[in-house]
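Accompanying notes for the structure given below.
Here the structure is a predicted model, which means the values were calculated and not measured. Chain identifiers are assigned alphabetically (A, B, ...) following the order of the sequence lines, protein sequences preceding nucleic acid strands; residue numbering begins at 1 within each chain.
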Amino acid sequence: MIYLDNAATSFPKPPGVAEAVGEYLSEYSVSSGRSSYPAAVKVSKKIFTCRQNIAKLFNISDASRIVFTLNATAALNTALKGILRKNSTALISSLEHNAIARPLNYLKETKNINILTLKSDKDGYIIKEDLENKLAKKIDIVAVNHASNVFGLVQDIKTIGAICKKHGTLFMVDAAQTAGEIKIDVKDMNIDILAASGHKGLLSPAGVGFLYLRKGIEFPPLVHGGTGSNSEQSIQPKFWPDKMESGTLNIGSIIGLEKSTEFILKRTVKEISEKKSAITSYLIQNLNQIKGLSLYGPDNPGPDKPRSDKKRTSPVSFNIAGKTPSEIAEILNKKNICVRTGLHCAPMAHKFLKTYPEGTVRASAGYFTKEKEIDRLIATLKSI
Amino acid sequence: MKKYLITFENTYRVLEAEKRLTGVFNGVTTIPTPESMSTDCGVSLSLKSNKSRTEVRTVLKDSGISFSKIIKS
Ligand SMILES: Cc1ncc(COP(=O)(O)O)c(C=O)c1O
């Protein structure tokens, strides 16, 4: 199998991740945060270390403000539904994933919130002056995806964060496509709320994500229930992370995430970033050699022109003249080359690219992708 | 040496304190919380020190540890 769908979920996982999860399942698969016997404390310690690893990766000083969720979608829902009230206003980019667009449209129906969309330039970058102008009125949250899952465009989060800070507006970043791949520093970038899933660039099994909320941001959790603490009280505890984490966690996946974040911290995000960037450049260069193939995105200028120095992440979207995305997928599937076609849960981004409603073919390399795997994709596409 | 039991609101705080206090005190380890302390979480921290309870409290406070109670055991 040639796996080029890392923007959906990463595969393979780093060495040691499957073993750590397997060892948990076969040797000490008990609950966390509730009991004091050795296996329970061991599990609690793994979860604790996982939180510490995430804190290190994103420069978060208080790891208790990191809440484990099912995935990025659950993290984004928790924040949006906790923060936005009747008639609130949310400001988003024109490239959001449905994980932001759908909860907001639900809140629009049920709570009459306003959704404002930032203007973007021809490439997709948020126009800073428009952000400044829109923040002159009361905005309850700015929610922006760090990188597009359709074509890899990376927003200038640091500048956006600084502008939000100047206006005193809450700033939430959907880092589903960048966590573990691009350096994110919540302090330096003035990020108040950060959401990501474990199973993409953080290289863990699926079923775990996290939500970080800066100290001082308090709102009710989406889910209430047992936390293993304050059990005599019939109301939810106010302390963190318990307040936001009811019910038994997905311990196996968190143990996988503990191992994968250890791997990322050792290799460093910088090294991972460089390696993914190199393999993605190789992919783009080679796609550019294919006749009738059009690439989408700011840094896809064609074979004879220099690459722009703008940062991008690994999702690369393209179409081939005379073929629909699903026809291309059918050919690639027969060779067991895995790509994703269609709208990638992000119709907004496809409307922006004018590839709506057919969508594109998306190939996304990962940290472990090799050049010879890209060569196989290219050879197959050339034969079409 | 005196033995102290320190309780916390949740397991996260217990493990944070264990990490910070290992090396600062002797015999830092997690133990089941006695029923008499049942308002707190199921795990507590046990440690040994020649210091008085007040002195231990000061060390914990200075280390930025958020705990519920210190009991001499
Ligand atoms: C930009 C973006 N946001 C949110 C998500 C949702 O992630 P998850 O499926 O892990 O909840 C994705 C993944 O598809 C994404 O690419």
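Here the OG1-OH distance, from A/Thr227 to B/Tyr12, works out to 16.0 Å after rounding to the nearest 0.5 Å. In this structure, the separation between CD on B/Glu16 and CD on A/Gln52 is 7.0 Å, given to the nearest 0.5 Å.
Screening residues 47-66 of chain B for salt bridge (Lys or Arg N to Asp or Glu O under 4.0 Å), with sequence neighbours left out, gives no hits. Within the structure, salt bridge (Lys or Arg N to Asp or Glu O under 4.0 Å) pairs that include any residue of residues 53-62 of chain A do not occur (at least two apart or interchain).
Residues B/Leu15 and A/Ser44 meet the side-chain proximity criterion, which asks for heavy atoms closer than 4.5 Å. For the pair A/Ser64/B/Arg13, a side-chain contact is recorded, criterion being any heavy-atom separation below 4.5 Å from C-beta on.
Against chain B, no residue from residues 180-218 of chain A qualifies, as none has a non-hydrogen atom under 4.5 angstrom away. Of all residues spanning residues 233-261 of chain A, those with a heavy atom less than 4.5 Å away from chain B's heavy atoms are A/Phe239, A/Trp240, A/Pro241, A/Asp242, arranged by number.
Among A/Ser32, A/Ala63, A/Ser35, the residue with the largest count of heavy-atom pairs under 4.5 Å with chain B is A/Ala63.
Residue A/Lys81 places its NZ atom among more than 12 non-hydrogen atoms of other residues, nucleotides or ligands, all under 6.0 Å distant. The number of heavy-atom neighbours closer than 6.0 Å to NZ of B/Lys2, taken from other residues, nucleotides and ligands shown, is above 12.
Neither the backbone nor the side chain of A/Ala40 comes within contact range of chain B, judged by heavy atoms closer than 4.5 Å.
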Decide side-chain contact (heavy atoms from CB on, under 4.5 Å) for B/Glu18 and A/Phe48; before the verdict, give the C-alpha distance in whole Å, the side-chain angles of both, and the deciding distance to 0.1 Å. CA-CA 11 Å; B/Glu18 186 188 27; A/Phe48 178 81; over 6 Å; no

